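Take a look at this one; I'll ask things after.
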2 protein chains.
Amino acid sequence: MWSRCSLWALRAHSHRYLLTPVFAYTVRFSSGTTATMGAIKTRTVNTTERLAKLRELLKKPENNVKAFIVPSEDQHFSEYPAHSDERRAFISGFNGSAGCAVITLRDAFLFTDGRYFLQASQQLDSNWKLMKQGLPDVPTWQEFLSKHLEQGTRIGIDPTLISAADAESLKKSLEPRGSVLVSLQQNPVDVVWGKDRPPCPHNSVFPLDVKYAGETSQSKLQRLREEITKKKAVAAVVTLLDEVAWLFNLRGTDIDFNPVFFAYAVVTPTEAILFMNDAQDRHSIKEFLGSNVEIRPYESFIPSLRQLIATLGANKDKPMLLGDKTSLAVVEAIGQENAVLIPSPVATMKAIKNETEIEGFRNCHIRDGAALIRYFAWLEEQLNSGVELNESQAAAKLEEFRSELDLFRGLSFTTISSTGPNAAVIHYSPDPDDCAIVKKDQIYLCDSGGQYLDGTTDVTRTLHFGTPTNEEKRAFTRVLQGHISIDTAVFPNGTSGYIIDSFARRALWQEGWDYRHGTGHGVGHFLNVHEGPHGIGTRIAYNSTSLKVGMTVSNEPGYYADGRYGIRIENVVIVREAETPNNFGNGYLCFEHVTMCPIQTKLIDFSILTTQEKEWLNSYHAETLKKVGPLLRNDPRALEWLERECSPV
Amino acid sequence: MWSRCSLWALRAHSHRYLLTPVFAYTVRFSSGTTATMGAIKTRTVNTTERLAKLRELLKKPENNVKAFIVPSEDQHFSEYPAHSDERRAFISGFNGSAGCAVITLRDAFLFTDGRYFLQASQQLDSNWKLMKQGLPDVPTWQEFLSKHLEQGTRIGIDPTLISAADAESLKKSLEPRGSVLVSLQQNPVDVVWGKDRPPCPHNSVFPLDVKYAGETSQSKLQRLREEITKKKAVAAVVTLLDEVAWLFNLRGTDIDFNPVFFAYAVVTPTEAILFMNDAQDRHSIKEFLGSNVEIRPYESFIPSLRQLIATLGANKDKPMLLGDKTSLAVVEAIGQENAVLIPSPVATMKAIKNETEIEGFRNCHIRDGAALIRYFAWLEEQLNSGVELNESQAAAKLEEFRSELDLFRGLSFTTISSTGPNAAVIHYSPDPDDCAIVKKDQIYLCDSGGQYLDGTTDVTRTLHFGTPTNEEKRAFTRVLQGHISIDTAVFPNGTSGYIIDSFARRALWQEGWDYRHGTGHGVGHFLNVHEGPHGIGTRIAYNSTSLKVGMTVSNEPGYYADGRYGIRIENVVIVREAETPNNFGNGYLCFEHVTMCPIQTKLIDFSILTTQEKEWLNSYHAETLKKVGPLLRNDPRALEWLERECSPV
């Protein structure tokens with residue numbers, strides 16, 4: 001699944017089901033719930049009263065600002081914010097995943113991009129002016145602040161919701177007009193929201209056994225401490241939820257699809273402090289972590305930072321290490337002079353999977369493939385029998401098959417189950433109450449994934465249950481060629497995903513086709529389905545991190561014919577050392593695919609497939625049959641389907 | 001031919017023959033001259049007296065500096081400096097193409113990179129300390145100044161020999177130690193050099209007819225004026241020699257291999273001033289340029305700038321446009337507050353060839369191919385007859401064949417004629433007095449090019465006149481596959497050469513092979529064989545300029561087995577619109593190859609060549625035979641060779 005993020009920050013799926021945990025230690029199931037996405041999408045919220053209250057707060061002497069920024073971010077820059085963090089949706093009524101509200105004493109502006117113009121125009125009431133970013137002469141919200149607002153404006157911001165780096169560049173751009181960014185003590189949107197604001201999640205936290213994690217928390221802390229010493233720092237501050245979860249081998253259920261929990265951590269050469277909510281399982285967590293980790297309340301993080309600066313004697317020459325996505329609030333608490341912002345060392349360590357994690361990835365992808373194959377076999381039978389199923393009902397069946405698998409702990413994102421024209425909507429997710437019937441004579445695109453104790457999956461297959469058109473076959477084949485080109489790539493150590501992205505597009509380009517998303521994102525190990533810092537794509541940020549042995553990354557080229565059909569073929573691959581006949585330079589790398597699900601040969605135009613590509617396909621199918629076949633002994637329909645789909649071409 | 005430049009600046013071939021013009025309007029021939037490169041390479045110059053004199057000058061009150069920087073650059077940042085500009089070679093004795101000397105009152109340091117460690121250690125006398133840049137713990141010369149020199153040092157520089165942009169970043173890096181960069185009024189090396197310094201070239205200048213240039217100088221000036229107006233500027237200052245030559249449709253013979261002349265230009269919305277030496281042909285140049293261009297003496301450029309600032313009323317809001325390679329001296333004369341440094345608009349215009357230039361490129365490459373084919377046929381016969389020829393003698397014959405061609409005006413660079421292990425030396429050029437005998441049983445790599453009134457050529461072919469080894473064939477085939485992959489690439493408008501560079505390397509990477517140079521450089525039209533701003537390669541600067549219709553670029557992947565053999569296959573290609581079946585986005589581009597010379601099929605390992613690649617090869621050979629065959633009617637040996645080499649595989 002490709003992230004919806006518009007900039008460097010990964011962020012996705014704000015329209016997801018309203019979920020409640022089914023049982024402890026399990027990430028929520030998404031089916032059978034009652035969210036009404038269609039309804040939400042077109043509902044206009046009356047924001048008159050909210051805005052009036054907000055403006056009163058802005059004018060108060062302790063704030064005294066003439067504008068206030070409400071971004072989409074939560075304080076951990078999570079891809080999926082909790083409902084209690086959906087401040088921009090509350091204040092504006094627009095609940096798309098990307099957007100920023102700027103409220104002045106007189107006006108209210110909502111900035112979003114082309115994916116959300118329609119939705120925003122339907123959801124915003126007359127108090128709001130929709131700013132269509134990307135259209136000519138429409139400024140970004142940052143440009144708006146620095147070029148369109150009155151000179152000398154005091155602009156309020158919640159410093160917990162903007163990264164220090166972004167705040168810094170924003171401040172610089174405001175300087176020429178004499179405007180300033182003012183960190184407010186309390187977020188006025190929260191005050192307006194008041195009692196209606198959903199409670200902050202506070203769910204159970206559980207340890208991930210080292211048999212799945214492959215490395216003890218002690219060992220991870222030790223490695224982080226080596227980084228701290230190397231950088232001549234006094235501590236590292238960890239603020240991203242998946243980084244904290246990875247570092248302490250803990251998982252939670254505070255955020256949909258991401259098995260994380262609200263937390264911060266500070267690690268010094270001798271200590272480790274975990275700031276987390278006082279959960280009912282605190283005692284067992286304490287026992288799991290041992291005496292070398294101190295647990296403090298989540299709320300005490302910022303005051304503790306102030307105190308730690310003094311006790312650790314942090315200063316310019318002995319700073320605290322902060323990841324580059326750390327909030328302004330954290331930097332302000334520590335003092336800019338005592339902090340160094342660097343690419344998060346935890347993110348870098350986490351991205352490289354150990355052998356246990358890699359073996360877990362292999363195993364969970366085989367099981368996950370079994371569920372997918374059972375689903376596609378079932379779906380084909382349903383369609384052949386003339387059963388009417390909508391996209392959401394179909395997705396629910398896939399979730400049912402996944403939920404029967406060992407070590408399953410929920411989906412890793414909302415299933416994209418899309419027929420015909422809907423498949424061309426890259427970030428589509430079907431509204432259970434109002435979505436299309438899956439048609440036998442249309443392309444069906446299914447992008448889905450699961451969370452398992454031994455890994456996280458993310459797989460897309462595109463199928464046609466009737467007779468595809470020649471154009472559909474040609475497009476599918478070009479996408480497949482791009483997919484194979486990435487899968488079989490060999491590249492020197494030090495190569496970034498930015499450099500090899502063109503391999504995925506070359507075959508499509510020959511036809512005058514392309515796709516407007518990246519080719520691959522990092523995949524967490526029983527963690528966020530999107531993780532960095534690496535990736536394969538046209539975003540220049542990907543050029544800063546070379547692909548390294550042990551990294552996971554998706555391989556998902558696509559093609560989207562607006563209003564007609566969409567194609568994407570996605571496997572998860574792991575970066576491995578390549579065994580090349582020669583070794584000019586410093587070693588070569590390649591990919592090992594772990595996703596195991598047939599690629600529909602019916603959709604292939606064999607006239608443009610090379611011999612090598614045919615051989616790849618046969619080899620992939622033989623491997624899939626061999627690995628997944630044994631898991632389908634109790635589902636003859638699925639096994640028969642698998643054998644047919646894996647027949648050599 | 002791949003440039004030897006180590007950073008963004010293109011620079012190459014300082015070891016070239018000492019040439020004298022053969023006749024007016026002709027760039028110099030390189031054969032038959034008496035330079036003794038081998039001798040120069042190992043001769044140590046006694047620099048004791050030179051350094052003593054220099055230090056006296058540094059201490060003088062008007063200078064009062066404790067260190068002086070002597071870079072390789074001339075005041076136009078030419079790839080090939082004139083002998084009178086080889087200050088670093090004079091003061092240090094080291095005459096490699098890349099290096100920088102830093103002389104303090106006590107020590108003398110020569111910084112260069114791995115290509116020149118051996119040569120520099122042989123050429124430098126005991127006054128010098130060789131700083132091997134690239135080795136661990138060896139600083140660059142910039143780092144040396146900012147980290148190793150005493151605090152508070154006044155460091156002298158000739159402001160005409162450092163770009164304003166480089167000077168700016170150098171100044172910043174010196175600030176923390178309180179050191180400063182001091183622009184000296186007169187270059188003390190020139191004073192020491194005195195009467196022994198060769199005279200600055202002052203050769204004839206000639207007009208390039210519009211039937212070759214394809215656009216009048218008036219039209220080019222008009223387009224530049226539109227840029228000036230668009231940028232709200234009062235003038236554009238043109239400081240690079242090829243840019244001045246292109247803008248005024250003039251050519252010269254001041255610099256080896258590059259048909260340019262020493263000049264500057266200033267263009268305003270109403271005026272154009274050309275600063276050039278008072279040549280004997282001034283009258284005819286005046287007539288050619290017409291009354292709208294004023295000619296002033298070359299030496300009056302800097303004083304004129306100071307005066308123009310006043311008359312044009314340049315200031316912050318109405319600045320002068322300067323290219324990003326403009327020297328500090330020019331910026332100091334104009335005043336930083338009155339200047340805007342941008343990617344040179346002339347370079348951008350020049351890079352996109354008009355239809356006449358493109359047709360000229362096609363034609364001169366066909367003629368150039370005839371000379372190459374005649375040469376290879378002759379060389380094969382010589383080797384088969386047991387004639388002993390050294391690399392330089394062979395190259396001379398190639399030049400002889402080229403010199404017989406219509407519109408020929410000299411070589412575009414020193415021919416790289418290399419046998420066996422020498423072919424692995426990327427920037428090899430044979431020493432006429434001491435070079436290897438071309439061996440029948442070794443790889444022979446020939447990289448050469450010519451200057452013609454209708455275009456510039458640059459072509460590399462690798463041949464084996466005996467029986468190649470399996471490894472040589474495999475390497476040749478991988479290089480060929482990379483070459484074909486670039487030649488056949490289709491890519492969206494807006495794509496840079498940085499993005500497609502991996503196409504050229506993919507096949508080599510599969511073997512664990514690579515090459516440590518770029519894949520393609522821009523090629524001037526009867527101008528410098530290396531030009532920017534675009535290129536295909538791993539240098540991130542190439543990502544700033546997208547490939548555009550009409551640009552020329554070389555396609556020259558290679559592989560080099562140290563001490564054994566080297567392979568490179570180079571054609572010049574032109575960026576064209578691609579006719580794709582679809583058009584997702586904003587149009588697609590492709591390449592048209594103009595170089596016409598067979599690629600030796602004897603060196604191909606057909607077991608790894610795809611059907612599509614075989615078809616490409618046959619089609620390329622059919623085209624070459626058809627286009628060049630008719631030019632070989634008077635050379636049956638060459639025609640027979642061509643027909644044999646172009647036989648379908």
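Treat the numbers as computed from the prediction; the structure is a model and nothing was measured. In what follows, chains are A, B, ... by sequence order, proteins preceding strands, each numbered from 1.
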Residues, nucleotides or ligands: over 12 heavy atoms within 6.0 Å of Lys147(B) NZ: no
Heavy-atom pairs under 4.5 Å with chain B, option from Gly512(A), Pro492(A), Cys590(A) with the top count: Gly512(A)
Which portion of Tyr588(B) sits near chain A, non-hydrogen atoms under 4.5 angstrom: side chain
Engaged part of Ile540(B) at the chain A interface, taking heavy atoms whose separation is under 4.5 Å: side chain
Side-chain heavy-atom pair Tyr498(B), Asn543(A) within 4.5 angstrom cut-off: yes
Residue Glu623(A) excluded, over 12 heavy atoms near CD under 6.0 Å: yes
Most contacts with chain A, counted as non-hydrogen pairs under 4.5 angstrom, among Gln612(B), Arg505(B), Gln510(B): Gln510(B)
Contacts of residues 473-487 of chain B with chain A (heavy atom under 4.5 Å): Ser485(B)
Between Arg506(A) and Thr488(B), a side-chain donor and acceptor under 3.5 Å: yes
Contacts of residues 573-587 of chain B with chain A (heavy atom under 4.5 Å): Thr580(B), Pro581(B), Asn582(B), Asn583(B), Phe584(B), Gly585(B)
Ile499(B) vs Ile499(A) side-chain heavy atoms within contact, under 4.5 Å: no
Pair Ser502(B), Ser502(A): side-chain N/O donor-acceptor within cut-off below 3.5 Å: yes
Selection from Thr538(A), Val490(A), Leu508(A) maximising heavy-atom pairs under 4.5 Å formed with chain B: Val490(A)
Region of Phe503(B) in contact with chain A, defined by heavy-atom distances below 4.5 Å: both
Test item: Thr610(A) and Thr611(B) side chains (from C-beta on) under 4.5 Å apart, heavy atoms: no
